[in-house]
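Step one of this worksheet: look at the structure below.
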Number of protein chains: 2
Amino acid sequence: MPAALAPEPTAPAQILSRDPRTVRSRAAVLQATVELMVERGVHTVSVDAIVERSGVAKTTVYRHWPTREALVMAAWQTLVSTDDVDPSGTMHEQLRTLALAFATRIGTPPMSLLLPDLMASSARDPKMHAMYDEVVRSRRRPVMETVQAGIAAGLLPPSTDAELVCQLILGPIAYAQLLRHAEVDTAFVERLVTVVLEAANQNMVRTTCD
Amino acid sequence: MPAALAPEPTAPAQILSRDPRTVRSRAAVLQATVELMVERGVHTVSVDAIVERSGVAKTTVYRHWPTREALVMAAWQTLVSTDDVDPSGTMHEQLRTLALAFATRIGTPPMSLLLPDLMASSARDPKMHAMYDEVVRSRRRPVMETVQAGIAAGLLPPSTDAELVCQLILGPIAYAQLLRHAEVDTAFVERLVTVVLEAANQNMVRTTCD
DNA sequence: ACTTTCCAGTACTGGACGGTATCGTAGTGT
DNA sequence: ACACTACGATACCGTCCAGTACTGGAAAGT
């Protein structure tokens with residue numbers, strides 16, 4: 001089956017190299033890059049260190065990525081995950097699960113160490129900013145959808161501000177996890193979701209203020 | 001009024017140099033350092049750039065600070081402010097003022113650009129971590145005190161969890177400002193404080209969960 | 001006026017780093 | 001079996017950077 005004709009629309013630029021040597025090199029370099037980013041910080045990762053850690057020659061690194069920045073970006077790409085958990089269950093349970101996943105994600109390595117670096121980079125680099133938005137939004141989206149579905153299903157008052165509910169849940173978690181370095185455990189997340197949903201249920205979280 | 005006798009207990013290690021040349025040099029170097037930290041990021045500030053910007057000779061820089069890291073730390077020290085606004089007013093007004101000051105502080109330069117850098121540094125450097133805690137706690141403390149005073153004055157139910165109230169107010173602001181890059185305006189802060197205080201008033205934010 | 005202290009300027013060392021060039025070799029698809 | 005491709009190794013270049021040594025001169029205190 002000659003596949004030279006099919007351009008494979010849903011696989012942009014990775015299928016070109018079926019040579020196992022290239023995939024081995026790429027994987028080793030990317031893994032070493034991520035490891036070093038976590039260990040020593042993103043901005044202190046040098047190509048020489050990546051070469052030493054991965055066992056891949058420097059020439060090969062520059063054969064795959066034109067510059068150090070491109071390599072770091074590629075390493076970031078391997079870290080954007082979209083594992084959304086949404087089986088059946090009450091809205092409360094779903095939100096608790098999502099909130100806990102959010103807390104765990106940003107509170108444990110590698111993201112707990114990498115997210116501040118990404119935030120710092122995104123303040124001045126537009127590419128990093130785009131990456132950052134992608135990371136944050138991929139976590140925010142399922143929460144937002146769950147709240148909106150709850151409103152649509154009549155589980156929350158129609159005038160509920162879904163965005164504010166979302167922020168009231170994710171905000172304190174991020175604040176506790178990133179700004180304070182307080183421990184975010186299951187009990188805290190449970191209480192938080194309960195309080196916010198209770199307030200929303202009593203129509204305190206409305207789209208219009210007064 | 002000769003003040004040579006008073007040791008000035010609240011000025012640890014700066015009074016030793018009364019020579020105006022040294023204070024000029026120190027001020028110029030620190031200012032240039034802060035400027036470059038904001039413009040180019042903390043980790044990309046070089047001593048040569050500081051020398052060029054400040055007009056102070058490299059030798060002089062190293063005469064005042066033993067290493068680059070010490071200079072960066074000294075520059076950070078100039079940025080920890082403790083301007084707490086607490087005149088008279090209702091608890092609601094005080095919290096709104098504090099929340100707005102918090103939002104403005106972390107949402108506008110220089111802190112909007114420096115805080116992510118500080119967070120990233122604090123993840124791996126204990127000294128930076130201490131500095132970071134100092135910055136964050138100085139903003140959190142007056143909010144906490146205001147809430148606790150409100151509980152003591154009977155403005156909020158006695159079983160109110162002051163810490164959770166504090167996190168419900170500051171968390172979404174930090175989240176919106178840092179993780180999302182949404183605009184935090186006065187209306188949002190007002191709504192947020194109103195919602196949280198209303199929920200607390202109805203005894204939804206209790207210390208014990210169930 | 002005199003001594004001391006601080007300064008600017010310059011030149012330098014040693015090292016780390018990003019990126020390139022060359023070359024011989026080993027694995028790969030056909 | 002053969003041509004090809006990617007590879008590892010090494011050496012190299014230019015640049016940037018932290019930190020030091022040395023100088024002559026200016027400003028401070030006395």
Side-chain angles (χ1 to χ4, degrees), chain A residues 1-6 13-33 35-37 39-76 117 121 125 127-128, chain B residues 2-4 13-33 36-37 39-75 121 125 127-128:
Chain A
M1 44 183 79
L5 303 175
Q14 213 75 358
I15 307 297
L16 294 178
S17 60
R18 291 191 307 275
D19 195 327
R21 291 174 292 180
T22 70
V23 300
R24 265 182 58 90
S25 297
R26 293 184 68 100
V29 169
L30 286 175
Q31 179 184 341
T33 305
E35 286 177 13
L36 290 169
M37 280 165 59
E39 292 174 16
R40 311 221 266 256
V42 176
H43 59 277
T44 58
V45 171
S46 67
V47 180
D48 287 336
I50 294 171
V51 164
E52 187 184 7
R53 172 73 60 101
S54 66
V56 169
K58 205 177 189 179
T59 330
T60 306
V61 173
Y62 282 101
R63 206 173 282 130
H64 286 294
W65 296 275
T67 178
R68 190 198 90 106
E69 191 196 1
L71 172 55
V72 171
M73 285 292 293
W76 271 116
D117 269 323
S121 302
D125 185 353
K127 291 180 187 173
M128 284 295 179
Chain B
Q14 215 76 356
I15 307 297
L16 294 179
S17 60
R18 290 190 309 276
D19 194 327
R21 290 174 293 180
T22 70
V23 300
R24 265 183 58 90
S25 297
R26 292 184 67 99
V29 169
L30 287 176
Q31 180 184 341
T33 305
L36 290 169
M37 279 165 58
E39 292 174 15
R40 310 221 266 255
V42 175
H43 60 277
T44 58
V45 170
S46 67
V47 180
D48 286 339
I50 294 170
V51 163
E52 186 184 9
R53 172 73 60 99
S54 66
V56 169
K58 205 177 190 179
T59 331
T60 306
V61 173
Y62 282 101
R63 202 174 286 129
H64 286 295
W65 297 273
T67 177
R68 190 198 91 105
E69 191 196 1
L71 172 55
V72 171
M73 285 292 293
S121 302
D125 184 353
K127 290 180 188 175
M128 284 296 180

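For clarity, every value in this text was computed on a predicted model and none was experimentally measured. Numbered from 1 within each chain, the chains take letters A, B, ... in sequence-line order.
- In terms of the side-chain contact (heavy atoms from CB on, under 4.5 Å) criterion, A:Arg24 has no residue partners (sequence neighbours excluded).
- Not counting sequence neighbours, A:Glu69 has no partner by the salt bridge (Lys or Arg N to Asp or Glu O under 4.0 Å) test.
- Inter-axis angle, ends of the helix from C:dA1-D:dT30 to C:dT30-D:dA1, five pairs per end, rounded to 10 degrees: 40°.
- Extent of DNA chain D lying under 4.0 Å from chain B heavy atoms, first and last nucleotide in 5' to 3' order, is D:dC17 to D:dA28.
- Nearest heavy atom pair, residue A:Ala74 against residue A:Trp65, reads CB-NE1, 3.4 Å.
- Near DNA chain C, meaning a heavy atom under 4.0 Å from it, residues 56-64 of chain B has B:Val56, B:Ala57, B:Thr59, B:Thr60, B:Arg63, B:His64 in order of number.
- Residues B:Ala28 and B:Val56 approach most closely at CB-CG2, 4.1 Å, considering heavy atoms.
- Remark: A:Asp125 engages no residue in a salt bridge (Lys or Arg N to Asp or Glu O under 4.0 Å) (not counting sequence neighbours).
- In this structure, B:Arg21 reaches the bases: a heavy-atom distance under 4.0 Å links it to at least one base atom across the strands shown.
- Among the heavy atoms of the strands, none lies under 4.0 Å from B:Val51.
- Remark: B:His43 engages A:His43 in a ring-ring contact (aromatic ring centres under 6.0 Å, His included) (not counting sequence neighbours).
- Dashed line: the shortest gap from a side-chain N or O of A:Thr67 to OP1 or OP2 of C:dG19 is under 4.0 Å.
- Listed by chain and number, the residues in a salt bridge (Lys or Arg N to Asp or Glu O under 4.0 Å) with A:Arg21 are A:Asp19 (sequence neighbours excluded).
- Applying the salt bridge (Lys or Arg N to Asp or Glu O under 4.0 Å) test to A:Arg68 and every residue at least two apart in sequence or in another chain returns nothing.
- In terms of the side-chain contact (heavy atoms from CB on, under 4.5 Å) criterion, residue partners of A:Ser46 (sequence neighbours excluded) are, by chain and number, A:Asp48, A:Ala49.
- Pairing each heavy atom of A:Val29 with each of A:Thr33, the nearest pair is O-OG1, 2.6 Å.
- Contact detail for B:Ser54 and B:Ala32: the closest heavy-atom pair is CB-CB, 3.7 Å.
- With sequence neighbours excluded, the residues satisfying side-chain hydrogen bond (donor to acceptor under 3.5 Å, both in side chains) with B:Glu39 are B:Arg53.
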Measure all distances between protein nitrogen or oxygen atoms and nitrogen or oxygen atoms of nucleotides 14-16 of chain C, and list the pairs falling under 3.5 Å.
none

